[in-house]
There are 2 protein chains.
Amino acid sequence: MAQNDTVTRILDTAEVLFAERGFAETSLRTITSKAKVNLAAVNYHFGSKKSLIQAVFARYLDPFTERFHRALDELEAHYGDQAIPLERLLETMASSVLEVPAERNSLKVFMRLLGLAYSQAQGHLRRYIQEEYGSVFTRFTALIRQATPELPDSERFWRLHFMLGSVIFTLSGLDALRDIAEKDYAEHVTVRDLVRRLRPVVVAAMQAPVPAHLSYASQEV
Amino acid sequence: MAQNDTVTRILDTAEVLFAERGFAETSLRTITSKAKVNLAAVNYHFGSKKSLIQAVFARYLDPFTERFHRALDELEAHYGDQAIPLERLLETMASSVLEVPAERNSLKVFMRLLGLAYSQAQGHLRRYIQEEYGSVFTRFTALIRQATPELPDSERFWRLHFMLGSVIFTLSGLDALRDIAEKDYAEHVTVRDLVRRLRPVVVAAMQAPVPAHLSYASQEV
DNA sequence: CTAGATTTCAAACAAATGTTTATAACTGGA
DNA sequence: TCCAGTTATAAACATTTGTTTGAAATCTAG
């Protein structure tokens with residue numbers, strides 16, 4: 001039991017430190033000392049710092065993808081060969097994300113990690129996530145495609161990333177933004193509040209009119 | 001002349017390296033060797049690595065804020081005491097951003113740097129940008145407020161950051177996304193194309209209906 | 001209880017980092 | 001020409017980094 005305890009204590013400490021300061025800015029010594037664990041334990045249990053980073057992600061993404069796949073299964077079963085409405089797809093994604101770290105209060109850590117995965121250099125991380133979890137994203141985008149048949153493929157591709165940016169950017173910078181919001185508007189915002197606010201925005205964005213010039217050849221304004 | 005040449009060579013090299021790999025992941029030795037400049041030159045001309053990072057940002061943000069302020073002056077003069085339409089404000093912001101690095105092909109570098117400013121730890125950078133360039137953002141948000149009087153203040157605050165996330169996230173990850181888009185949709189996307197695609201999306205997002213439960217006390221779905 | 005495997009630990013290692021120093025080279029005005 | 005003042009350079013400095021080592025401690029199965 002004690003050996004497993006070391007592993008989880010490392011993971012618990014590493015994930016909050018990574019989320020706070022990034023990967024390169026977090027040293028193994030900072031992690032191990034705060035986790036009250038010997039320095040060599042990381043290399044013993046994980047092999048390298050890179051592998052530790054990947055393990056931190058796997059602990060969130062594994063349960064998420066499993067849950068998300070199951071939820072999509074149910075949706076598909078319910079709608080048969082009809083297209084699943086966009087709102088339902090977005091809700092399903094949101095609740096799958098929200099449910100994963102429900103036990104801990106670490107949703108914000110999860111989102112911050114996702115933001116870092118995109119923004120930090122760490123080429124190995126992007127490769128790892130793509131190879132390990134790319135399929136669920138592919139499945140999701142295929143369903144989104146059926147839900148928005150009026151959009152050209154490339155336009156939908158870009159809009160999905162616009163919205164991904166909204167979510168990741170806002171939620172991963174939540175702490176700083178929340179401080180401002182509390183000071184200026186005297187309201188305390190939870191992650192769930194933000195998700196509620198995001199939904200109508202994302203739907204409206206996905207359904208915005210397609211500029212005419214995009215349907216044909218590109219043209220100057 | 002030669003002394004100034006060293007400074008700009010350092011800045012030119014540092015900005016692309018920072019944009020590619022982040023700040024902590026870019027060493028002074030990498031910068032100086034690629035810039036064909038002595039290692040000590042950075043500390044001599046800039047004082048420290050932190051100051052170099054700030055100088056890289058200042059070289060973009062100084063001309064941007066000046067141009068943006070001028071553009072807002074013109075808009076205000078034209079519209080008098082009427083509210084400036086949302087579309088005009090967004091267009092003005094976009095063109096101010098686009099015009100700054102027009103001489104070089106470094107708009108993508110600029111956006112990537114902005115993304116890093118938010119996502120990387122580098123507390124000193126956020127503080128520096130806030131103190132040095134916060135006023136222009138304040139002015140802009142005040143105008144956005146007049147353009148969207150139907151939005152509650154806090155809702156507008158969050159939506160602005162949703163949209164900021166879309167822009168920074170997409171444009172700062174442009175290279176990777178462009179590769180996918182070219183492979184899958186056989187289209188080469190320029191930054192200007194993306195800005196054209198972003199405009200209707202951002203407008204629709206800002207004008208999305210406000211959920212009823214946000215007007216009063218928060219309530220479960 | 002004991003032998004073998006697993007885990008912990010302190011110490012050391014090599015490499016890389018930002019910064020400083022002392023000296024040399026260069027610059028432009030008297 | 002000569003000499004302050006500025007800039008360039010090589011070398012060294014003190015830290016910090018991820019990783020490895022070998023012995024001690026702990027656990028586990030027979």
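First the proteins, then the strands, lettered A, B, ... as listed; each starts at 1. Quick note: numbers below take in every heavy atom, side chains included, and nothing from hydrogens, waters or symmetry partners.
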Report task. Kindly say if A:His45 contacts the phosphate of C:dT8, meaning a side-chain N or O under 4.0 Å from OP1 or OP2. Result -> yes
Requested in this report: May I ask you to list the residues of residues 50-58 of chain B, by number, that have any heavy atom positioned under 4.0 Å from an atom of DNA chain D?
Outcome: none
Report summary line: CG (B:Leu125) and NZ (B:Lys50) are apart, to the nearest 0.5 Å, by 10.5 Å
Query - Spacing of B:Tyr44 atom OH relative to D:dA11 atom C1', expressed in whole Å - result: 19 Å
Requested in this report: Indicate whether OP1 or OP2 belonging to D:dG18 is found under 4.0 Å from a side-chain N or O atom of A:Ser48.
Outcome: no
Report summary line: Protein-proximity profile, nucleotides 11-17 of chain C, B/S/- by nucleotide at the 4.0 Å heavy-atom cutoff, equals -B----B
Query raised in the report: Which whole-number value in Å describes the distance from B:Asp5 CG to D:dA8 C1'?
Result: 13 Å
Query raised in the report: Rounded to the nearest Å, what distance is computed from the CZ atom of residue B:Arg9 to the P atom of nucleotide D:dT7?
Result: 15 Å
Report task. Would you mind listing every ring-ring contact (aromatic ring centres under 6.0 Å, His included) that reaches into residues 15-35 of chain B, with sequence neighbours excluded? Result -> B:Phe18-B:Phe23
Requested in this report: Take A:Thr138 and A:Ser135, measure what side chain to side chain donor-acceptor pair (under 3.5 Å) needs, and give me the verdict at the end.
Outcome: CA-CA 5 Å; A:Thr138 303; A:Ser135 67; over 6 Å; no
Query - Length of the CG-P vector between B:Asn43 and D:dT7, whole Å - result: 15 Å
**Report entry** Polar contact flag, side-chain donor to acceptor under 3.5 angstrom, A:Tyr44-A:Asn38
**Finding:** no
Query raised in the report: Strictly under 6.0 Å, is that where the ring centroids of A:Phe68 and A:Phe140 end up?
Result: yes
Query raised in the report: At what distance, to the nearest 0.5 angstrom, does CZ of A:Arg145 lie from CG of A:Asp153?
Result: 4.0 Å
**Report entry** Distance in angstrom units between B:Phe23 CZ and C:dG18 P, rounded
**Finding:** 13 Å
Query raised in the report: Closer than 4.0 Å, any side-chain N/O of B:Thr6 to the OP1 or OP2 of D:dT7?
Result: no
Query raised in the report: Parallel, tilted or perpendicular: which describes the rings of A:Tyr60 and A:Phe110, with under 30° parallel and over 60° perpendicular?
Result: parallel
Query - Output field: ring centroids B:Phe162/A:Phe169 closer than 6.0 Å - result: no
Query raised in the report: Would B:Tyr185 and A:Phe157 count as a close aromatic pair, with their ring centres under 6.0 Å?
Result: yes
